[in-house]
Amino acid sequence: MSTPATPPRSLAEALRTRDDVSLAALLRSRPDLITPVPTDLTQLATRAGTRGSVVRALERLDRFALQTAEALAVAADPAPYDALLGLMAGDARDPAVTDALPRALATLREQALVWGADNRLRLVRTARELLAPSPQHPSPTGLGPTVAEATAGMSPGRIQEIVTAVGLPSTHDSVSAVAALTKLFTARRRMKALLAGAPEESLEVLNRLVWGPPYGQVTAEPAARLRWLIDRGLLLPTAPGTVVLPREVALHLRAGRAHRAAEPVAPAVEAKATHRPQVVDTTAAGQAYTALATVEELLKDWDEGGPTVMRAGGLSVRDLKRTAVALDVAEPVAAFWVELAYAAGLLASDGETDERYAATPAHDEWLEQPAAQRWARLAEAWLTATRTSGLVGGRDGKDRTLSALGPGLDRSAAPEVRHRVLGLLAGLPEGASPSAEAVLARLRWERPVRGAGGAQAGPHEGDDLRSRLARWTLSEAEMLGVTGRGALSAQGRALLGLRGAVAGGSGSGRGVEGGDGGGGLAVAGFSGVANPSGPSAPSAPSDPSGPGDKLPVHHHHRPPTAPPPLSPAEQATASAAAARLLAPLLPEPLDHVLLQADLTAVAPGPLERPLADMLDVLADVESKGGATVYRFTPGSVRRALDAGRSASDLHDFLTAHSRTPVPQPLAYLIDDVARRHGHLRIGAASAYVRCDDDAVLSEILADKRSAGLRLRRLAPTVLAAQADPAALLDGLRAMGFAPAAESADGDVVITRAHAHRSPPRTAPEPVPDGPPTPDATLLSAAIRAIRAGDRASTTPLKSTPSPNGELPRTSSAETLATMQAAVLTGDTLWIGYVNAEGAASQRVIAPIRVEGGFVTAYDHTADEVRTYPLHRVTGVAELAEG
């Protein structure tokens with residue numbers, strides 16, 4: 001498309017000079033502008049200047065681009081490029097800033113925050129209002145108002161006194177006096193001469209105010225050092241008892257710089273330690289195995305129904321502590337595993353009247369999958385979840401405690417921060433791990449904090465939510481096995497979808513080049529000014545508004561953001577690749593244990609599921625680690641017998657699965673418990689006890705511990721009890737007996753643990769961070785619609801347009817006649833159209849055929865041939881030729 005010869009007079013005109021590639025880059029980086037699709041470029045420019053949209057755009061700038069916008073906010077409007085360069089690079093013209101400024105300015109232009117030629121740079125008005133200094137909202141630069149702004153309410157006589165005090169001739173009006181004073185303060189030599197005569201104490205006052213805040217308090221009778229400054233306008237009154245350092249004076253003292261320290265180059269993320277890739281991968285695999293075991297243990301602990309759901313939702317503090325003890329971890333770590341299982345859809349509330357947490361049916365399917373696939377599901381859920389377990393125990397906006405599994409834990413920035421942190425690790429050589437401080441410094445440069453921690457952040461989270469998310473990401477990735485010894489593992493690279501993560505041998509994840517901003521970052525789609533002095537930097541500031549110029553669109557011009565999320569199909573492929581890399585590194589499940597004479601069994605590794613399930617019933621876990629130690633006790637053996645196993649079944653099981661002979665003490669223990677098991681029978685009387693050996697019943701009656709059961713003999717072999725059967729069972733077992741429950745038919749009741757499951761539940765949906773990034777199809781359709789609408793709104797019409805910019809209104813006969821004429825002449829028409837849902841729109845069409853009450857035309861808005869009912873066309877207008 002052609003560009004106008006004259007500079008643009010508005011942001012809308014500047015957008016009209018852009019090509020489709022540049023517009024697509026704008027809509028991709030600021031997706032809120034496309035929701036809904038603007039009708040034309042004027043509406044797009046208006047939406048790009050709204051406060052909410054500008055705030056979101058500013059929050060996504062890197063530190064140097066934001067500093068550039070802040071400098072423009074304190075510069076004249078419009079400002080020439082040289083003035084901006086002076087504010088950024090100072091009088092000394094810092095070469096690093098000079099080289100990086102064109103790219104920062106290109107970023108602001110691409111984001112539609114700055115428009116205009118290089119000799120008339122304009123910051124969008126809303127951005128200027130947000131960044132310009134005022135008494136209520138100090139500028140991030142620390143600069144105060146200009147001389148003209150500070151003297152706006154000052155009496156003409158006082159202004160003339162200041163002019164005389166600095167050695168300037170008196171003027172006839174205040175405007176020329178303020179202009180002369182401004183010219184003096186911006187002249188470096190004359191200001192240097194003026195300050196050369198200042199008392200040392202006065203210069204100290206200026207030095208305290210020079211970098212901000214520029215406001216100070218004075219008494220009704222200022223000291224001599226202050227009076228000298230006030231008399232010469234170096235400090236100007238803004239309110240009773242308050243003075244301010246004028247912007248021009250501060251810039252002279254700063255040697256022209258708007259910021260104390262410009263940061264044109266992103267802090268490098270360098271390796272703090274380096275390990276062999278194989279060591280990293282095996283360490284991460286060990287952590288992955290531990291993660292699987294921990295989640296399995298958590299869900300096994302809640303198998304018969306977990307903790308109750310609090311009225312406000314979530315786990316109580318007591319239940320979280322109990323879960324932490326059961327998992328043998330700290331409470332924050334327990335909260336992480338609980339939230340991870342919830343994010344993966346493995347647990348949920350059962351929705352019953354007495355609502356409890358329980359495993360979902362998906363948990364049983366998950367258990368049947370290979371270990372590597374189970375890990376990939378957990379890692380994928382963690383990577384994309386917006387729920388943030390690190391907030392558990394904090395306070396929300398209403399000062400209520402945030403609980404695990406409760407509301408208020410979603411932070412939409414969490415997935416983006418996780419991707420970015422892992423992307424920085426991917427940019428290092430394989431096996432290299434950075435320090436947490438280096439990662440945090442890089443993230444703060446890429447997304448400097450401008451205000452409170454975001455709309456979703458609680459009042460106590462402060463401005464450092466992203467840093468906290470980054471710290472949590474580093475620790476959680478290590479616990480989950482995405483990283484090992486602080487370095488990204490091969491399966492972690494594959495999970496991110498990085499190219500080359502599946503290359504190389506032994507699952508080492510070859511193929512991702514090292515170096516900050518190298519192959520790993522480029523593959524992940526990360527952007528930013530990683531190398532401001534690289535070969536792609538323009539040597540001189542460009543003027544996208546000049547004739548024949550097009551706004552350059554380079555990857556490094558965009559603000560540093562996380563890569564767009566993978567599609568479901570892409571993520572499934574990446575997860576499968578990660579599972580393939582992890583599978584060879586996980587230990588193979590064992591089908592045997594080592595029985596020992598001290599009534600213990602040692603599992604030297606993970607056990608096959610049937611063996612592990614049976615051992616969980618037959619023995620108690622005594623210790624965990626690289627090997628798990630099980631202990632056999634009378635209670636654990638009785639538990640197996642209660643589950644329907646016989647003594648011979650237990651002997652056969654141990655013989656089949658032990659690499660060592662069954663120790664004699666263990667065989668005796670099983671036989672002894674089995675011999676007494678079921679010797680006593682309990683039913684409902686309230687309850688009764690029967691036994692063929694009346695001596696045993698006499699022993700029970702004589703025991704003082706049975707008093708609470710309120711037993712009495714009904715027959716030589718039968719005792720009746722006031723307690724219910726369950727309490728009677730527990731009471732007699734506490735006394736050292738081994739009773740068995742009896743059914744109404746006199747058969748032994750087999751007691752097994754009944755798994756409690758919630759109804760089928762879906763995993764919680766992540767809370768999006770604003771509108772989703774549009775795909776290529778949506779962008780193409782939106783740009784066509786915007787172009788067509790803009791053409792309709794800006795092209796002169798042959799007929800008189802409707803008032804107030806409304807859709808054209810013509811009679812049915814006139815509409816039909818105009819359509820038929822356009823078919824013969826090939827003219828393009830602007831029509832108003834109302835669809836079947838009653839939504840009105842405007843379209844630019846080229847009619848091809850009119851028949852049967854329909855018009856078939858090429859629709860410039862949709863870029864395709866469509867057919868429209870004529871009765872839905874509200875009116876038609878002819879576009880002028882050319």
Item to check | Non-neighbouring partners of D703 that pass salt bridge (Lys or Arg N to Asp or Glu O under 4.0 Å), sequence neighbours left out | outcome: R705
Item to check | Straight-line distance of L709 CG to Q722 CD, nearest 0.5 Å | outcome: 10.5 Å
Item to check | Under the salt bridge (Lys or Arg N to Asp or Glu O under 4.0 Å) test, residues paired with R276 that sit two or more places apart | outcome: none
Next on the checklist: Are the side chains of V482 and W382 in contact, using a 4.5 Å heavy-atom criterion?
Outcome noted: yes
Next on the checklist: Between the side chains of R733 and D642, is the shortest nitrogen-to-carboxylate-oxygen separation below 4.0 Å, so that they form an ion pair?
Outcome noted: yes
Next on the checklist: So, using salt bridge (Lys or Arg N to Asp or Glu O under 4.0 Å) as the criterion, who are the partners of R710 when residues are at least two apart?
Outcome noted: none
With a 3.5 Å cut-off and sequence neighbours excluded, list the donor-acceptor pairs that the side chains of residues 694-702 form with protein atoms.
residue : atom : partner : partner atom : Å
S698    : OG   : D694    : O            : 3.1
S698    : OG   : R713    : NH2          : 2.7

Checklist entry - Does any non-hydrogen side-chain atom of T401 lie less than 4.5 Å from one of R395? => result yes
Side chains of residues 614-623: which donor-acceptor pairs under 3.5 Å do they make with residues two or more places apart or in other chains?
residue : atom : partner : partner atom : Å
D616    : OD2  : K300    : NZ           : 2.5
D620    : OD1  : R639    : NH1          : 3.3
D620    : OD1  : R639    : NH2          : 2.9
E622    : OE2  : R631    : NE           : 2.4
E622    : OE2  : R631    : NH2          : 3.4

Checklist entry - Atom OG1 in T323, atom CH2 in W302: separation rounded to 0.5 Å? => result 5.0 Å
Checklist entry - Are L378 and L292 close enough, and set up right, to give a side-chain contact (heavy atoms from CB on, under 4.5 Å), and what steps lead you there? => result CA-CA 9 Å; L378 293 180; L292 290 175; 3.9 Å; yes
Checklist entry - Is any side-chain heavy atom of Q287 closer than 4.5 Å to a side-chain heavy atom of L480? => result no
Checklist entry - Are side-chain heavy atoms of T483 and L425 found at a separation under 4.5 Å? => result yes
Checklist entry - Under the salt bridge (Lys or Arg N to Asp or Glu O under 4.0 Å) test, which residues partner E296, sequence neighbours left out? => result R374, R609
